[in-house]
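Okay, structure first, notes after.
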Amino acid sequence: MSYQKSFVDVGNKHWNDFKPKLSLTESINDTKKLFSLTISQIFSEIESDLKVSYSEFESDFILTEKGYSVSKKISENDLYKGLIIISDISSIIDRFSKACVDRITRQAKASKEQNTKKIIR
């Protein structure tokens, strides 16, 4: 039997703060920034030695069309690799990324509708 470390409590704490902020994001960039910031906060709480960084222009966790990507600095770190193996952190990140990807899809659709000329006959 293997040991699985759980960070559900940390994930849920951040989720409760994250959801209202996500619904208030006005642009795709706002949503991406919120994702990167939240994931860096989670990692600073569960494993500060990883030094997951977030800045407005460059972050270690970046939202993509299908989910997220991790910087080479983090993905090759043994602490990160260990967390992925022995904990539920990847499913927690997936939860946040899925919510953001869904939000971006709605934002892109709304933006397209707003930028389309309406023909009235």
Side-chain angles (χ1 to χ4, degrees):
M1 181 181 275
S2 65
Y3 175 73
Q4 183 79 7
K5 188 167 181 160
S6 178
F7 295 109
V8 171
D9 292 341
V10 175
N12 287 341
K13 181 181 89 171
H14 286 276
W15 183 258
N16 291 335
D17 192 37
F18 171 82
K19 280 301 281 184
K21 289 179 182 177
L22 181 63
S23 66
L24 295 175
T25 57
E26 294 180 1
S27 70
I28 292 171
N29 282 336
D30 289 346
T31 304
K32 289 179 176 183
K33 288 176 192 175
L34 178 63
F35 171 77
S36 298
L37 175 63
T38 303
I39 299 304
S40 70
Q41 289 171 341
I42 289 172
F43 273 97
S44 70
E45 193 169 327
I46 63 172
E47 188 57 69
S48 60
D49 291 342
L50 264 175
K51 297 185 182 3
V52 173
S53 67
Y54 163 77
S55 72
E56 189 169 339
F57 302 107
E58 189 174 325
S59 300
D60 287 326
F61 285 84
I62 299 170
L63 199 62
T64 64
E65 288 181 19
K66 304 283 185 192
Y68 66 95
S69 67
V70 183
S71 71
K72 189 174 181 179
K73 173 188 97 175
I74 297 298
S75 65
E76 293 179 353
N77 187 305
D78 289 336
L79 284 173
Y80 177 75
K81 290 177 186 177
L83 281 173
I84 294 299
I85 293 169
I86 66 157
S87 75
D88 57 356
I89 192 65
S90 60
S91 62
I92 291 169
I93 299 169
D94 287 340
R95 178 184 184 194
F96 284 87
S97 70
K98 182 176 178 350
C100 288
V101 167
D102 291 346
R103 176 72 176 165
I104 285 174
T105 302
R106 286 191 301 276
Q107 287 172 325
K109 191 175 190 178
S111 177
K112 185 178 177 184
E113 289 172 0
Q114 290 170 351
N115 292 327
T116 305
K117 289 184 178 181
K118 294 182 181 177
I119 300 174
I120 300 173
R121 295 180 186 223

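Bear in mind that the values here come from a model prediction, so they are computed numbers and not experimental data.
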Counting C-beta onward and ignoring hydrogens, is there a side-chain heavy-atom pair between [X] and [Y] closer than 4.5 Å?
X     : Y     : answer
Lys32 : Ile62 : no
Val70 : Tyr80 : yes
Leu79 : Ile74 : no
Ile92 : Ile39 : no

Interatomic distance, [X] atom [atom1] to [Y] atom [atom2] [nearest 0.5 angstrom]:
X     : Y      : atom1 : atom2 : result
Asp88 : Phe7   : CG    : CZ    : 7.0 Å
Asp30 : Ile104 : CG    : CD1   : 10.0 Å
Ser91 : Lys98  : OG    : NZ    : 14.0 Å
Phe18 : Asn12  : CZ    : CG    : 13.0 Å
Asn77 : Lys72  : CG    : NZ    : 13.5 Å
Ser90 : Arg95  : OG    : CZ    : 14.0 Å

With a 4.5 Å cut-off on side-chain heavy-atom distances among I, L, V, M, F, W and Y, is there a chain of contacts connecting [X] to [Y]?
X     : Y     : value
Leu37 : Ile42 : no
Ile93 : Trp15 : yes
Tyr54 : Leu50 : no
Ile86 : Val8  : no

Going by side chain to side chain donor-acceptor pair (under 3.5 Å), name the residues that satisfy it together with Thr31, two or more places apart in sequence or in a different chain.
Thr25, Gln107
Write down the atom of [X], the atom of [Y], and the distance for their closest heavy-atom approach.
X      : Y      : result
Cys100 : Leu22  : SG-CD1, 4.0 Å
Lys73  : Asp60  : NZ-OD2, 3.1 Å
Ser59  : Ser36  : OG-CB, 3.6 Å
Ile28  : Ala108 : CD1-CB, 4.2 Å

Pairs flagged by salt bridge (charged side-chain N to carboxylate O under 4.0 Å, His left out) wherever residues 37-54 is involved - sequence neighbours left out:
Lys13-Glu45
Applied to residues 19-28, the salt bridge (charged side-chain N to carboxylate O under 4.0 Å, His left out) test, sequence neighbours excluded, yields Asp17-Lys21
Show, in sequence, the C-alpha distance, side-chain angles and deciding distance for Ser44 and Val52, and conclude whether the side-chain contact (heavy atoms from CB on, under 4.5 Å) test is met.
CA-CA 7 Å; Ser44 70; Val52 173; over 6 Å; no
Classify the ring geometry between Phe35 and Tyr68 as parallel (under 30°), tilted (30 to 60°) or perpendicular (over 60°).
tilted
Is it true that Phe43 and Phe61 have ring centroids separated by less than 6.0 Å?
yes
